[in-house]
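One structure is given here, and the rest of the page talks about it.
The figures here come from the full heavy-atom set of this structure, side chains too, leaving out hydrogens, waters and symmetry mates.
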Amino acid sequence: SDDSLRPLTKDGVKKLHLGFERLALMESIDTVLFSPWTRALQTAEILAEYFPQAKMIETSRLTPNKDHEGLVEEIN
């Protein structure tokens, strides 16, 4: 099976909500970069619920076996 299409589990979603809820009490996030993989997109969508001000940026530079060069430039 294609691992890039594997979704988060129900338990994983629950844990993300709990973790992001706690994180939102302590931190502010302004930008989130995520890969186009299904789990990464789902995670970014959940994170956006807790940090609606964050700019969400999908990038293929975060996928396995990709050249990560230019990632810092993209972040900046």
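The minimum heavy-atom distance linking Met56 with Ala44 is given by the pair CE-O, 2.9 Å. Annotation for Pro36 and Glu58: closest pair CB-OE2, 3.1 Å, computed over non-hydrogen atoms.
With sequence neighbours excluded, no residue satisfies side-chain contact (heavy atoms from CB on, under 4.5 Å) with Asp30.
Using a 4.5 Å heavy-atom threshold, the side chains of Leu62 and Trp37 count as separate.
The hydrophobic clustering, which links ILVMFWY residues whose side-chain heavy atoms are closer than 4.5 Å, places Leu8 and Leu47 together. When the side chains of ILVMFWY residues are joined at heavy-atom separations under 4.5 Å, either directly or via intervening members, Ile46 and Phe51 end up in a single hydrophobic cluster.
Of the possible polar contacts, none joining the Arg6 side chain to the Arg39 backbone as a donor-acceptor pair under 3.5 Å is found. No donor-acceptor pair closer than 3.5 Å links the side chain of Ser35 to the backbone N or O of Ser60.
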Would you give me the side-chain donor-acceptor pairs under 3.5 Å for residues 11-29, sequence neighbours excluded?
unit_1, atom_1, unit_2, atom_2, d
Asp11, OD2, Lys15, NZ, 3.1
His17, ND1, Tyr50, OH, 2.8

